[in-house]
Protein chains: 2
Amino acid sequence: MDLTPRQAEILDFLRRHRDEQGVPPTRAEIVTAFGFRSPTAAEDHLRALARKGVIELKPGASRGIRLLERADEYLSEAVQLARREAANEASLPLVGRVAAGAPILSDPNVETRIPLAGDFFRPRAHFLLRVQGESMRDAGILDGDLLAVHQTPEARSGQTVVARLDDEITVKTLRLRGGIAELLPANPDFAPIVIDLSRESLVIEGLAVGLIRGGFGSPLIR
Amino acid sequence: MDLTPRQAEILDFLRRHRDEQGVPPTRAEIVTAFGFRSPTAAEDHLRALARKGVIELKPGASRGIRLLERADEYLSEAVQLARREAANEASLPLVGRVAAGAPILSDPNVETRIPLAGDFFRPRAHFLLRVQGESMRDAGILDGDLLAVHQTPEARSGQTVVARLDDEITVKTLRLRGGIAELLPANPDFAPIVIDLSRESLVIEGLAVGLIRGGFGSPLIR
DNA sequence: AGGAGCACTGTATAGATATACAGTTAACCT
DNA sequence: AGGTTAACTGTATATCTATACAGTGCTCCT
């Protein structure tokens, strides 16, 4: 059963009071916080929250209000957003096969999240891309590696870039000469890709800023 | 000023009560927990803790006991140990140049800690080793990379190992044939190392289980 | 039309709680 | 030898606190 807006307000207050004061509130403190004129108003709300299973009331005990785990599901939107942002700052989305046309960080492209903060890399990484193929082998970037990518359209000649070409994502070294862009592989078995910028477009998704191999449960040892 | 052993016990109880019950205890609850026969015993202890600045007492408020930040400095040894272990589980020591003779994880060898849990890798990593040299270049292990290492003396032929040879740490592929061990580089510019196990000893420090490049503030982009 | 749930007001009270006051015992410092 | 501090016992009480009981007005469902 869902909480009413008012009950969610009360729950938010319980959480805030606990976090800021270190103690759950009394009925009287709820009354003053919300401007009630009767302790029963607070009592009724607590009963409702307990009935819905988001808090536990200890009979007889003063301040005997306990926020249960599942209370997290009923956070106000503002608090939920803040939590999600905090979680995002401590982990990176892992992008596998990129669907044609879709933005690289759109939901269906994200396989999972890796528990590593983006600012572990410099400049900071915005996502991890699972490398496919051996075209950058001689740069130490192997098939299956996770490439840490700083999302930016700006790239200089010589940098290792993540580019989108005909709705395909590719990792290569960028070389710019006049109106010509070259995407150079680091493997003699592969041919460079040459793009005439006056006729074709090249979308730079980001820069390679790091690499992770062998994590997330895929063993390196066979 | 330091806490007395008894005061530390009381503080531990306050913390445990808060964590387990979600509410600080009343004087009466302290009394029953410690077998006191007078509420004043609890009151006196709380006053002492407040005077020493580890808790804050709110006059008049029931359960008005607040654990302050600096209370963490006065944790019991058991709790401190548990905390340190929890922190270690969420980060990996980075080992740079290894001092001759010293165990690989001894204090002076550890440069810093990297905020990544060891069980991010399978089997779990115990430390990260900063790779020196290009001898494993063709295996995608470059100079400066951080190699995630699972600490174990057991290695099978074909695995990438971290070995100690004449007090030098080296990363190579292991090959075992009868009483002969070979440490094979992955770079034609380097020669294999052959060890006759009946005459020389080879210490395996661990197995390579993963790799990180470009993190910890060292930019990949130039 | 009426029952149920929500969100309250208003009053009352048993008992939970903090806290003062008066002691005791032992260790430690000077 | 005397003062201070820690760690308690024992009693008492103002007041804080949970909670019961009796209502009101509103909305939503059937």
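Every chain is numbered from 1, with letters handed out A, B, ... down the list of sequences.
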Whole angstrom is fine here: how far is it from [atom1] in [X] over to [atom2] in [N]?
X	N	atom1	atom2	result
B:Gln7	D:dC8	CD	C1'	13 Å
A:Leu49	C:dA7	CG	C1'	13 Å
A:Glu9	C:dC6	CD	P	16 Å
A:Leu46	C:dC6	CG	C1'	15 Å
B:Phe36	D:dA6	CZ	P	14 Å
B:Leu3	D:dT5	CG	C1'	15 Å

Please examine the side chains of [Y] and [X], heavy atoms only from C-beta on, and report whether any two atoms are closer than 4.5 Å.
X	Y	value
B:Thr173	B:Leu183	no
A:Arg15	A:Leu67	yes
A:Arg122	A:Val209	no

Legend entry - Closest-nucleotide 5' rank along DNA chain D - winner of A:Asp44 and B:Ile10: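 Between the two, 5'-proximity favours B:Ile10.
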Inset, instruction - Inspect the surroundings of CG in A:Asp166 and state if more than 12 heavy atoms from other residues, nucleotides or ligands are less than 6.0 Å away. - result: no
Inset, instruction - Determine the minimum heavy-atom distance between B:Gly214 and A:Phe121, stating which atoms define it. - result: O-CD2, 3.5 Å
Legend entry - Closest non-hydrogen atom pair, A:Leu94 against A:Arg130: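 Where A:Leu94 meets A:Arg130 most closely, the heavy atoms are CD2-NH2, 3.5 Å.
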Inset, instruction - Taking only the side-chain nitrogens and oxygens of A:Arg6, find out if one of them lies under 4.0 Å from OP1 or OP2 of D:dC26. - result: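 Answer no for this pair, as no side-chain N or O of A:Arg6 is under 4.0 Å from OP1 or OP2.
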Inset, instruction - Would you indicate, yes or no, if C:dC8 has its OP1 or OP2 atom less than 4.0 angstrom from a side-chain nitrogen or oxygen of A:His45? - result: yes
Legend entry - B:Ser135 versus B:Lys172, side-chain donor and acceptor atoms under 3.5 Å: yes
Inset, instruction - Classify the ring geometry between B:His150 and B:His126 as parallel (under 30°), tilted (30 to 60°) or perpendicular (over 60°). - result: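 B:His150 vs B:His126 ring planes: tilted.
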Inset, instruction - Any chance you could list the contact pattern along nucleotides 10-20 of chain C? Use B for base contacts, S for sugar-phosphate-only contacts and - for none, protein heavy atoms under 4.0 Å, 5' to 3'. - result: BB----SSSBB
Legend entry - Side-chain donor/acceptor of B:Glu29 to backbone N/O of B:Thr26, under 3.5 Å: yes
Legend entry - DNA chain C stem ranges, 3 or more consecutive Watson-Crick or G-U pairs under 3.5 angstrom: C:1-28 with D:3-30
